[in-house]
Amino acid sequence: MKFNTKTIHAGVFPDPTTGAIMTPIYQTSTYAQSSPGEHKGFEYSRTHNPTRSQLQDNLAALENAKHGLCFASGMAAIDAVVKLLSPGDEVISTNDLYGGSYRIFTQIFASYGIKFHFVDMGDLDAISALVNDNTKLFWVETPTNPLLKIIDIKAVSIIAKQANALLCVDNTFASPYLQTPMDLGADIVMHSVTKFINGHSDVVMGALVCNSDDLLDRLSFIQNSCGGTPGPQDSFLVLRGIKTLHLRMQRHCDNGREVAQFLADHPKVSKVYWPGFTSHPNHDVAKAQMNDFGGMMSFTLSGDSIEEAQAVISKTKLFTLAESLGGVESLCGHPASMTHASIPKEEREKAGLKDSLIRLSVGIEDIEDLIEDLRQAIG
Ligand SMILES: *Cc1c(COP(=O)(O)O)cnc(C)c1O
């Protein structure tokens, strides 16, 4: 089955009792047993729920993986991956990282004896230099947030395999429409389903996919033991959102291309971070591992002051100032004071994140309206 067909058909099937085409919302915590231990595969909804099962199978198919697991948020999914590790283990992670990932690594798991290294993963030698016998996990996020750097997933997967460590890729920014890291050597793909996959800014959810049966067993055990699972209503909403993932992503990419070009041509804009430009330092890697370049981008203004950036984002009308990304509506944000506020200023600057940087999640509205909105806001 090809991608566009999978969004609609993979993992889902008409309800066997009524023929209902859409996956029912099995709003139940428990299931009747005919005698002790005799049941239809469902015992308790923290462990399994039929609505969630169909979503998990659909997500696995979209990512070209065997298994899928859903969590109550992207952070709960990340939490489950790190819980595969033990005290003394080390993680090598990209330094241009989602703020919440940096926070859970450094402020939760570091105190459980897990050591995290943050490195510019564009530099493969710098990654290799951090590998030692304790290295158990590589954490890649690409495109990165908010600088839209592209990390070569296949190249990192080779280093991870040599180190006998797992590679987990946070695929939130790309979505499986743009890239499927399992095909490039990832062991686990993680999603904040909240973003492009659900796409309607009305659900918070996370997911993991993997191929290994052993990893599935370990991650399911963590999922069930720690309990960060989503409910059936949210699972239904995400299944519905996914049915238009390919259409939405196509439009995000088309609109993204035009907005990026508009910004690049604007005299008050000093720099645009978008991997579709041939001048982007990782454009060749992006072209090789992604199907298109998406609607996420960042830019700085020529004055380069925090005040100038804040003036622009408070003037936009269609680009709503808000956290999050990947919904049908366009959003803008100021990473230094919003998503990345939990990363200390010195760390932000080391990673090249300017205080004047504005991030856009370009939605699927009419492009003329989006450009007009940015024109009047930038002035
Ligand atoms: C939002 C986000 C997360 C966290 O997901 P939640 O669903 O908000 O818990 C992780 N990684 C990236 C790249 C994100 O954008």
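FYI, side chains are in, hydrogens and waters are out, and symmetry mates aren't considered; it's all heavy atoms of this structure. When a residue number appears, it is its place in the shown sequence, counting from 1. Quantities reported herein were computed from a predicted structural model and do not represent experimental measurements. Each ligand, and each atom within it, is numbered from 1 in the order the structure gives.
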Please work out which of D170, L97, T194 has its closest non-hydrogen atom nearest to atom 12 (C) of ligand 1.
D170
Is the count of non-hydrogen atoms from other residues, nucleotides or ligands lying under 6.0 Å from R46 atom CZ greater than 12?
yes
Compute the centroid of each ring, for F42 and then for Y26, and state whether the two points are separated by less than 6.0 Å.
no
Checking the N or O distance criterion of under 3.5 Å, is ligand 1 in contact with M75?
yes
Could you identify the single nearest non-hydrogen protein atom to atom 14 (C) of ligand 1 and state the distance to 0.1 Å?
K195 NZ, 3.0 Å
Nearest-option assignment for atom 10 (C) of ligand 1, heavy atoms, candidates F173, F196, Y98:
Y98
If we number the atoms of ligand 1 from 1 as shown, the ones under 4.0 Å from a heavy atom of M205 are 7 (O)
Checking T7, T5, N4 against H246 for side-chain hydrogen bond (donor to acceptor under 3.5 Å, both in side chains), the one that qualifies is T7
Does F105 form a side-chain contact (heavy atoms from CB on, under 4.5 Å) with I114? I'd like the steps, not just the answer.
CA-CA 8 Å; F105 290 168; I114 296 166; over 6 Å; no
Which of the ligand 1 atoms, numbered from 1, are nearer than 4.0 Å to a heavy atom of G74:
5 (O), 6 (P), 7 (O), 9 (O)
Ring centre gap for H283 and F293 strictly below 6.0 Å:
yes
Close N or O approach (E141, ligand 1; < 3.5 Å):
no
Quick check: F299 with W274 (ring centres under 6.0 Å apart)?
no
